[in-house]
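For the numbers below, each heavy atom of this structure counts, side chains included, while hydrogens, waters and symmetry mates do not. Quick caveat, the model's predicted, so the values are computed rather than measured.
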Amino acid sequence: LARQAGELLRLGHENGASLVHTKQSTVDLVTETDLASERLIIDALRREYPDHAIYGEESGDVLPSSGPVWVIDPLDGTTNFAHGFPVFSVSIALLVDSQPVLGVIRDPLRDDSFWAERGQGAWRNGQRMQVSSTAELGRSLLATGFAYDRATNPDNNLAEFSYFMPKTRGVRRAGSAALDMAWVACGWLDGYWERGINVWDAAAAVVMIREAGGLAMSYSGQPWRPGDRNMLASNGVQTMHDALVTGLRSARAGLPSLT
């Protein structure tokens, strides 16, 4: 199903995105392809699992806290897609009683499929994924993102970005949170952080990171759960993870608290 939705995105990318409208701001977009991808996924899930709840970026209302819930992002990286920038993905996750147990992320332009199931490992195109072994912040490559309210909210991630950029080998901002976290799971990145993240951005990747040996936490230091609006993902190496936690705390000193 992720492959089918990914093919819609690939074709939409080749043909040029058609913008439907902006949502909460001029940087929060939705395209016809977002909606077509979500319709495809929702229709198929309803046929296969008629008793399961479905929660999507473009159609979700209230996230159920119990039972099986499919959480979907039909096009993660809509701004990239709308501009023709070739980094975007499809993300599908299954929550059971608010715990992520299954995740699939499809990168259609690189023909990459990432998936993980709780207790069954994490995989990329049939190969087992494993997080990196990088132990020092100075040897790390990180990724991050910026929330849509970055122009009006003083808690806009600029302080954190400024802290980590000179202390690492680099900080990437590719524009698809799901792919950023999948790349942590497969060891291409050593860590990722972002504030203002949504459950559909993170749920699938959380399963992958944990099954690949990494950690997926909230800024509070607790394991990430649906409803947490921030994410710190790392390769789980203690010195590396501690450096990321310390860096976030130092950078965020004096900023508004974020639950």
Side-chain angles (χ1 to χ4, degrees), residues 1-6 8-9 34 37-38 40-42 44-45 48-49 52-60 63-64 68-78 87-131 143 145 174-189 192-194 197-218 223-234:
L1 185 56
R3 285 180 176 273
Q4 293 174 25
L8 278 181
L9 304 193
D34 288 81
S37 176
E38 184 165 83
L40 184 152
I41 296 169
I42 288 176
L45 289 174
E48 191 73 19
Y49 305 104
H52 291 191
I54 299 174
Y55 185 77
E57 178 178 7
E58 307 306 337
S59 61
L63 179 67
V69 183
W70 293 96
V71 176
I72 60 176
D73 192 341
L75 172 47
D76 184 49
T78 300
V87 180
F88 46 82
S89 61
V90 177
S91 179
I92 304 174
L94 177 64
L95 309 180
V96 177
D97 297 333
S98 295
Q99 290 294 325
V101 299
L102 176 71
V104 179
I105 295 170
R106 175 67 177 168
D107 179 350
L109 297 189
R110 276 157 285 277
D111 195 21
D112 269 341
S113 294
F114 307 87
W115 69 270
E117 184 179 356
R118 189 170 63 184
Q120 301 297 319
W123 307 82
R124 170 182 170 256
N125 300 334
Q127 299 295 314
R128 191 90 181 230
M129 288 197 290
Q130 183 69 36
V131 293
S176 171
L179 279 182
D180 285 339
M181 287 183 275
W183 294 342
V184 172
C186 68
W188 299 346
L189 294 167
Y192 165 85
W193 84 93
E194 186 169 351
I197 202 165
N198 293 295
V199 62
W200 52 76
D201 300 314
V206 165
V207 190
M208 296 176 195
I209 290 166
R210 291 171 177 168
E211 288 296 311
L215 294 173
M217 318 289 285
S218 69
W224 182 91
R225 289 178 57 87
D228 289 336
R229 296 284 284 140
N230 49 70
M231 166 68 72
L232 171 60
S234 78

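- With rounding to the nearest 0.5 angstrom, the CG atom of L40 is 5.5 Å from the CG atom of L8.
- When every heavy atom of A2 is checked against every heavy atom of R106, the shortest pair comes out as O-CG, 3.5 Å.
- What you find for M129 and C186 is that their closest heavy atoms are SD-CB, 3.3 Å.
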### Task
Please report the C-alpha distance between D73 and N198 in whole Å, then the side-chain angles of each, then the deciding distance to 0.1 Å, and finally whether the side-chain contact (heavy atoms from CB on, under 4.5 Å) criterion is met.
CA-CA 10 Å; D73 192 341; N198 293 295; over 6 Å; no
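- The CG atom of D201 lies 9.0 Å from the CE atom of M231; values are rounded to the nearest 0.5 Å.
- Put simply, the side chain of P108 reaches to within 4.5 Å of the side chain of F88, judged on heavy atoms.
- Here the closest heavy-atom approach between residue S98 and residue P64 is recorded as OG-O, 4.4 Å.
- Side-chain atoms of L102 and V207, non-hydrogen and from C-beta on, never get closer than 4.5 Å to each other.
- Residues I41 and P74 approach most closely at CD1-CA, 4.3 Å, considering heavy atoms.
- A heavy-atom distance below 4.5 Å is found between the side chains of P100 and V206.
- Residues satisfying the salt bridge (Lys or Arg N to Asp or Glu O under 4.0 Å) test with R110, not counting sequence neighbours, are D107.
- Residues L1 and V104 form no side-chain contact, since every pair of their non-hydrogen atoms from C-beta on lies 4.5 Å or further apart.
- Judged as a ring-ring contact (aromatic ring centres under 6.0 Å, His included), and not counting sequence neighbours, Y192 has no contacts.
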### Query
Given the rule in the side-chain contact (heavy atoms from CB on, under 4.5 Å) test, do W224 and V199 qualify, once you have shown the distances and angles that lead to the verdict?
CA-CA 10 Å; W224 182 91; V199 62; 3.9 Å; yes
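- Residues A212 and A185 approach most closely at CB-O, 3.3 Å, considering heavy atoms.
- Minimum heavy-atom separation, L94 to P68: CD1-CB, 4.2 Å.
- Taking CE of M217 as the start and CD1 of I209 as the end, the distance is 12.0 Å to the nearest 0.5 Å.
- Residues forming a salt bridge (Lys or Arg N to Asp or Glu O under 4.0 Å) with D112 (at least two apart in sequence, or on another chain): R124.
- Under the salt bridge (Lys or Arg N to Asp or Glu O under 4.0 Å) criterion, D97 pairs with no residue, sequence neighbours left out.
- Taking CG from L189 and CE from M181, the interatomic distance works out to 11.0 Å, rounded to the nearest 0.5 Å.
- When the salt bridge (Lys or Arg N to Asp or Glu O under 4.0 Å) test is applied to R3, the partners found at least two apart in sequence or on another chain are D111.
- Ring geometry, H52 versus W70: the interplanar angle falls under 30°, so the pair is classed parallel (tilted spans 30 to 60°).
- A side chain to side chain contact (heavy atoms under 4.5 Å, CB included) with D34 is found for exactly one of T78, D76, L9, namely T78.
- Between the side chain of R128 and the backbone N or O of W123 there is no donor-acceptor pair closer than 3.5 Å.
- Contacts classified as side chain to side chain donor-acceptor pair (under 3.5 Å) and involving residues 208-218 (residues at least two apart or in different chains) are given here: S218-S220.
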### Message
Is there a side-chain contact (heavy atoms from CB on, under 4.5 Å) between L63 and V71? Walk through the geometry before answering.
### Response
CA-CA 9 Å; L63 179 67; V71 176; 4.1 Å; yes
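- The line from CD of E117 to CE of M208 is 12.0 Å long, rounded to the nearest 0.5 Å.
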#### Entry: Stepwise side-chain contact (heavy atoms from CB on, under 4.5 Å) test for L45 and I72
CA-CA 10 Å; L45 289 174; I72 60 176; 4.2 Å; yes
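- Atom-to-atom distance recorded for L179:CG and S89:OG is 4.0 Å, nearest 0.5 angstrom.
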